[in-house]
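Per chain, numbering begins at 1; letters A, B, ... match sequence-line order.
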2 protein chains.
Amino acid sequence: MPNRKAAQPISLAVVKTACSNCNLHELCLPLGLSHEEVEKLDEVVSARRRLKRGEHLYRAGEEFNSIYAIRSGFFKTDVLLEDGREQVTGFQMTGELLGLDGISTEQHSCNAVALEDSEVCTIPFSNLEGLSREIKTLQHHFHKVMSREIVRDHGVMMLLGTMRAEERLAAFLLNLSQRFTARGYSPAEFYLRMTREEIGSYLGLKLETVSRAFSRFQEEGLIAVQQKHIRILNITGLKQLMSHHPRN
Amino acid sequence: MPNRKAAQPISLAVVKTACSNCNLHELCLPLGLSHEEVEKLDEVVSARRRLKRGEHLYRAGEEFNSIYAIRSGFFKTDVLLEDGREQVTGFQMTGELLGLDGISTEQHSCNAVALEDSEVCTIPFSNLEGLSREIKTLQHHFHKVMSREIVRDHGVMMLLGTMRAEERLAAFLLNLSQRFTARGYSPAEFYLRMTREEIGSYLGLKLETVSRAFSRFQEEGLIAVQQKHIRILNITGLKQLMSHHPRN
DNA sequence: AAGCCCCTTTGATCCAAGTCAATGTGTACC
DNA sequence: GGTACACATTGACTTGGATCAAAGGGGCTT
């Protein structure tokens with residue numbers, strides 16, 4: 001149990017975020033940096049922050065100062081229209097960056113919400129810019145990360161623009177599977193951190209449609225669903241489904 | 001008439017791209033740079049390239065080396081799925097950058113096609129990174145441009161995920177209008193450079209639906225359409241249309 | 001000036017997904 | 001340990017946009 005013992009002073013070394021001893025090197029900003037360079041990055045990463053499930057990391061309209069690296073946990077980002085319509089723009093997991101949208105106007109343009117208890121590293125953006133003027137590798141890696149975000153968004157546009165409901169859900173499951181795999185988890189079995197409604201919002205579908213598609217996949221033996229617990233039984237079947245579109 | 005006189009040698013000064021005497025300062029990378037800094041940028045921008053209508057600036061899969069600033073003309077970018085489905089991911093006009101998607105994998109991830117005769121400045125990316133390690137303002141501005149692209153994409157996701165056909169088209173027209181205005185053109189009257197099919201692909205609609213929506217807008221007195229020539233007659237009407245969604 | 005091709009418009013019909021409604025299920029809180 | 005509440009499933013019906021089909025421009029080329 002993570003119950004903090006009363007009044008016990010905690011050593012700075014433990015509290016201090018340290019890229020150098022973080023096991024996310026391969027997923028996060030330090031990718032490809034030398035030991036020395038990672039230590040410089042350490043100085044820039046100012047603090048960790050813990051969030052409970054449901055808590056906002058930032059909200060649309062707030063001033064932008066920092067980007068965040070997810071140390072552990074799971075987030076969604078969403079945009080709200082004045083009339084209350086909501087679009088989930090992404091789900092982020094360990095090692096991924098949050099807040100890149102805020103650079104453009106120096107205000108966050110979406111909301112970031114923890115979907116489970118999570119922990120992030122706060123990276124003041126002007127410090128990061130400073131350091132990436134010094135460290136070429138860091139600069140280039142950061143540019144790649146931003147660019148990857150753009151490519152990812154194009155993928156979602158493709159999905160929303162051209163795919164039918166079951167294709168969208170299959171693509172979604174395969175994407176999650178692949179990201180879990182990259183983090184050392186099972187490619188075939190995982191818990192969804194988000195509701196059917198959030199999946200639907202992300203995929204441009206109503207929650208009932210998401211639910212029906214899950215049921216259909218189960219009937220066809222592609223997956224086993226029990227609430228948020230998913231097991232992928234036939235990954236090639238799911239992949240085929242995506243090229244099996246009618247005509248067009 | 002821009003008919004080039006035969007065999008007349010052209011002075012280097014004319015051919016050479018020069019940010020310093022380009023009238024796109026306010027829209028393009030040099031935004032906010034000092035005179036000296038712009039001259040440094042000049043050295044980095046290696047060449048102009050002219051494209052005829054229909055010509056590809058780059059194709060998905062090609063090696064990425066440079067980004068491109070549009071000096072004049074109009075482009076679309078699109079992504080193709082193996083099965084032939086196409087998604088237009090954006091339309092780009094004067095002053096906007098093309099190719100940011102390629103940074104991530106060092107390969108272009110989409111196609112960029114000129115929709116009218118156009119001219120671009122080629123900016124070798126490693127040179128740009130080099131210079132932006134020297135010039136803080138340039139670095140920051142470049143980051144803002146990339147971030148703006150992400151925010152823009154989120155807007156498109158919102159559009160594709162939550163809006164009905166007529167809302168999408170209204171949003172599209174208003175967006176074009178606003179961008180033309182920023183370039184000193186009429187906010188109310190313009191020629192579309194793309195076909196109904198390309199608009200449809202961008203908006204996740206079939207070309208017939210786009211056509212019908214145009215006709216409906218015309219019946220309602222919101223716009224006057226004649227083929228590719230658009231006049232916006234009631235801009236507030238168009239804006240209202242977007243908040244007038246049914247329920248949800 | 002004719003003829004062709006591409007783009008666009010319009011009509012009739014169909015279907016995938018949305019809507020509305022009721023019932024089931026798991027979990028957190030007294 | 002019961003009860004409340006949020007989330008999920010399933011069914012019946014509706015509908016917005018897709019599909020199929022045909023006809024009407026515009027602007028090329030020859």
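With hydrogens and angles ignored, the 3.5 Å screen pairs a side-chain donor or acceptor of B/Gln87 with a backbone N or O of B/Ser201. Remark: side-chain polar atoms of A/Asp101 are paired, donor with acceptor, to backbone N or O of A/Ser109 under 3.5 angstrom.
Residue A/Leu115 contributes atom CG, which lies 11 Å from atom P of D/dC7 at whole-angstrom precision. Computed from coordinates, the B/Leu192 CG to C/dC6 C1' distance equals 17 Å when rounded to whole Å. Atom-to-atom, CZ of A/Phe217 to P of D/dT10 comes out at 14 Å; the value is rounded to the nearest Å. The CG-C1' distance, from A/Leu160 to C/dA17, rounds to 14 Å in whole Å. Across the protein-nucleic acid pair, A/Arg216 atom CZ and C/dA17 atom P stand 9 Å apart, rounded to whole Å. For the pair B/Met194 CE and C/dT8 C1', the computed distance is 16 Å after rounding to whole Å. In this structure, the CD atom of A/Gln218 is 14 Å from the P atom of D/dA8, given to the nearest Å. Rounded to an integer number of Å, the gap from A/Arg168 CZ to C/dA17 P is 7 Å.
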Produce the list of close N/O pairs, under 3.5 Å, pairing protein atoms with atoms of nucleotides 9-13 of chain C; give distances to one decimal.
from   : atom 1 : to       : atom 2 : distance (Å)
C/dT9  : OP1    : B/Arg196 : NH2    : 3.1
C/dT9  : OP2    : B/Arg196 : NE     : 2.8
C/dT9  : OP2    : B/Ser211 : OG     : 2.7
C/dT9  : O5'    : B/Ser211 : OG     : 3.2
C/dT10 : OP2    : B/Ser215 : OG     : 2.5
C/dG11 : N7     : B/Arg212 : NH1    : 2.8
C/dG11 : O6     : B/Arg212 : NH2    : 3.1
C/dA12 : N6     : B/Arg212 : NH2    : 3.3

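Between A/Lys228 and the phosphate of C/dG26, there is no side-chain N or O to OP1/OP2 separation shorter than 4.0 Å. Phosphate proximity of D/dG16 to B/Lys206: absent, as no side-chain N or O sits under 4.0 Å from OP1 or OP2.
Side-chain contact between B/Gln218 and B/Leu233 is absent, with no heavy atoms from C-beta onward closer than 4.5 Å. The closest side-chain heavy-atom distance from A/Phe172 to A/Leu159 is not below 4.5 Å.
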Name every donor-acceptor pair, under 3.5 Å, that has one atom in a side chain of residues 181-194 of chain B and the other anywhere in the protein, sequence neighbours excluded.
from     : atom 1 : to       : atom 2 : distance (Å)
B/Thr181 : OG1    : B/Ser177 : O      : 2.6
B/Arg183 : NE     : B/Thr94  : O      : 2.7
B/Arg183 : NH1    : B/Arg179 : O      : 2.9
B/Arg183 : NH2    : B/Thr94  : O      : 3.0
B/Arg183 : NH2    : B/Glu96  : OE2    : 3.4
B/Ser186 : OG     : B/Ala188 : N      : 3.0
B/Ser186 : OG     : B/Glu189 : N      : 3.1
B/Glu189 : OE2    : B/His229 : NE2    : 2.9
B/Arg193 : NE     : B/Glu116 : OE1    : 2.7
B/Arg193 : NH1    : B/Tyr191 : O      : 3.1

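No salt bridge links B/Arg53 with B/Asp117; every basic N to acidic carboxylate O contact stays at or beyond 4.0 Å.
Note on A/Gly200: nothing from the nucleic acid sits closer than 4.0 angstrom, heavy atoms only.
For the pair B/Ile70 and B/Leu24, the tightest heavy-atom approach, listed with the atom from each and the gap, is O-CD1, 3.6 Å.
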